[in-house]
Every structure is written in C-alpha cells, then in structure tokens.
Amino acid sequence: SSYERSDFLAPFWNLITDTGGFIGGIVIFLFLMIILILHFKMNARKYSDMNLFLMLVFLIFVFTMGFSQWYLKDCFRKPRPYQLFFIEKGLISNNGEQFFSMPRNQKSEYLQGLVMKNNESLSNVSLPVLNTWIYESGFSFPSGHAQTSFYYAVIFGFVFLNILPREKKYITFIPFIWAVLVSLSRIILGLHYPVDIAAGAFAGMLSGFVSISLPLTARVFRK
C-alpha cells in the first residue's frame with residue numbers, strides 16, 4: 001500500500017484515483033464531447049448522429065455505474081481492504097458486523113467520527129487518502145473506478161483510432177495507460193483487491209465494446 005504520509009507518491013495516487021470516479025467520468029465525457037464537436041464542426045450532416053452517440057455513451061456510463069454501485073456491491077457485500085485494516089487495528093468492533101449493516105451515508109459519518117477519536121492511531125495515513133477512505137465507505141466488489149476508466153479507455157481508443165492521422169495514432173494507447181494507473185491506484189490506496197479491479201475492468205471494456213459496435217457508431221465514424 002502507498003497511503004502513508006511518509007510516501008511522497010501517496011498524493012499522486014490519490015489524484016489519479018479521483019479521475020476515475022463519477023465526477024471524473026463526467027469531466028472525461030465533456031472532454032470527449034469537445035473533441036468530437038471540434039472534429040465534426042465542418043461536417044453538419046454528422047452532428048445529429050454524433051449527438052446521439054454522445055448521449056448513448058453518457059447513458060451507458062451512468063447506467064453501468066449505477067448498477068455496479070447500487071446493486072452489485074450490495075449483492076456481494078465484500079469489505080474494502082482499508083475497512084479490514086480498521087478492524088484489525090481494533091478501531092471497528094465486532095468484526096464490523098454493525099458497521100457493514102449501516103447505509104452508506106451512515107458509514108461515512110461513522111468513519112469520520114472514528115477518525116476524529118483515533119487521530120493518533122491513524123497519524124501515519126496521508127490526510128487526502130484518509131478523506132478518500134471516509135468518503136468511499138461502500139463495499140469493494142466490483143471496482144467502479146476500474147469500470148469507468150476502462151470504459152472510457154475503449155471509447156477514446158476507438159475515437160482516436162478513427163479521427164487521428166496515422167502518425168499520431170500512438171495516442172490511442174494513452175487512455176489505456178490512464179485506465180491501468182487508475183486501477184493500480186485503487187489497490188495501492190487500500191480501496192480494492194485485484195479481483196475487484198479485474199471484474200470492474202472487464203465490465204468497463206465490455207460496455208465500451210458494446211458502445212463502439214453499434215450501427216450508430218459506425219455511421220458517425222464512417223469516412
């Protein structure tokens with residue numbers, strides 16, 4: 001793990017992990033929208049299909065994230081690594097039975113009070129990471145951040161492959177490097193296990209491939 005105050009990379013990993021969240025996903029979607037608007041600005045006949053494509057990309061993002069966060073996680077009810085870390089340190093009692101039965105917002109309030117009461121015991125944890133732990137109080141499986149990042153990696157990879165000139169197609173790999181970094185950050189910060197990342201990445205790539213395989217997408221990027 002890389003969550004300690006003494007680790008100079010902890011703020012970097014915390015920043016990377018934020019880009020894969022729901023807010024980060026919206027910002028990335030806006031970036032995608034700007035790229036496509038600029039690319040098709042001289043081609044008015046493509047605008048209608050482009051708008052439908054963007055709407056589809058956004059709706060799939062929202063639906064898959066919602067399904068993962070509000071249904072799958074509660075089905076599997078797998079604790080996060082940092083939550084087990086709190087249990088091992090004796091900060092969460094009764095093996096977390098009461099804690100894991102709480103609604104998500106109550107978990108965050110509980111963790112916030114816990115951190116305030118045990119400030120000395122957690123003094124080695126980087127403050128931004130500690131705040132992330134408090135905020136991300138839900139269950140672990142699957143990783144929504146891995147799902148979001150690999151979903152957008154497939155979308156952006158496809159878009160770059162179709163709109164960039166041949167000498168710049170290496171940019172296609174950059175979204176996948178970002179997705180790998182986001183996924184690594186989730187493990188490094190004690191928020192997920194590798195199997196959570198694998199499941200989220202698979203779900204994200206699958207939904208991404210569905211998006212780029214539709215007839216609407218073919219119409220938008222047809223030469």
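Keep in mind that this is a model prediction, so the values were computed, not measured. All values below come from the heavy atoms of this structure, side chains included, with hydrogens, waters and symmetry mates left out.
Heavy atoms of other residues, nucleotides or ligands lying less than 6.0 angstrom from CD of Q98 number 12 at most. D74 CG: more than 12 foreign heavy atoms inside a 6.0 Å radius. Applying the 6.0 Å contact sphere to NZ of K117 captures no more than 12 heavy atoms from other residues, nucleotides or ligands. Other residues, nucleotides and ligands contribute only 12 or fewer heavy atoms inside 6.0 Å of the CZ atom of F202.
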Query - Candidate pair V159 and H39, rule side chain to side chain contact (heavy atoms under 4.5 Å, CB included), full reasoning - result: CA-CA 10 Å; V159 169; H39 179 71; over 6 Å; no

_Between N14 and S126, does the side chain to side chain donor-acceptor pair (under 3.5 Å) criterion hold? Intermediate values first, please._
CA-CA 10 Å; N14 200 63; S126 174; over 6 Å; no

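Under the 30°/60° scheme for interplanar angles, the aromatic rings of W133 and Y82 are found to lie parallel. F61 and F22 have parallel rings, their planes meeting at less than 30° on a 0 to 90° scale where 60° marks the start of perpendicular.
Taking 4.0 Å as the cut-off between side-chain N and carboxylate O, R186 and D196 do not count as a salt-bridged pair.
In this structure, F176 has its ring center no closer than 6.0 Å to that of F156. F86 and F99 have their aromatic ring centers separated by at least 6.0 angstrom.
Put simply, the side chain of R80 never gets that close to the backbone of S140: no donor and acceptor are under 3.5 Å apart. K169 places a side-chain N or O within 3.5 Å of a backbone atom of L164 that can act as its donor or acceptor partner. Distance alone, capped at 3.5 Å, is enough to place a donor-acceptor pair between the T217 side chain and the S211 backbone. No donor-acceptor pair under 3.5 Å is formed between the side chain of E136 and the backbone N or O of L191. Between the side chain of S68 and the backbone N or O of M65, no donor-acceptor pair lies under 3.5 Å.
Residues that satisfy the side-chain hydrogen bond (donor to acceptor under 3.5 Å, both in side chains) test with S207, not counting sequence neighbours, are absent from this structure.
Here the rule is ring pair (Phe, Tyr, Trp, His ring centres under 6.0 Å) with F76, and of F100, F141, Y71, F139 only F141 fits it.
Closest approach of P79 and L84 over heavy atoms only: CB-CD2, 3.9 Å. Considering all non-hydrogen atoms of both residues, V210 and L214 come closest at O-CG, 3.2 Å.
Residues I163 and I35 form a side-chain contact, since some pair of their non-hydrogen atoms from C-beta on lies under 4.5 Å apart. Side-chain contact between I60 and Y151 is present, with heavy atoms from C-beta onward closer than 4.5 Å.
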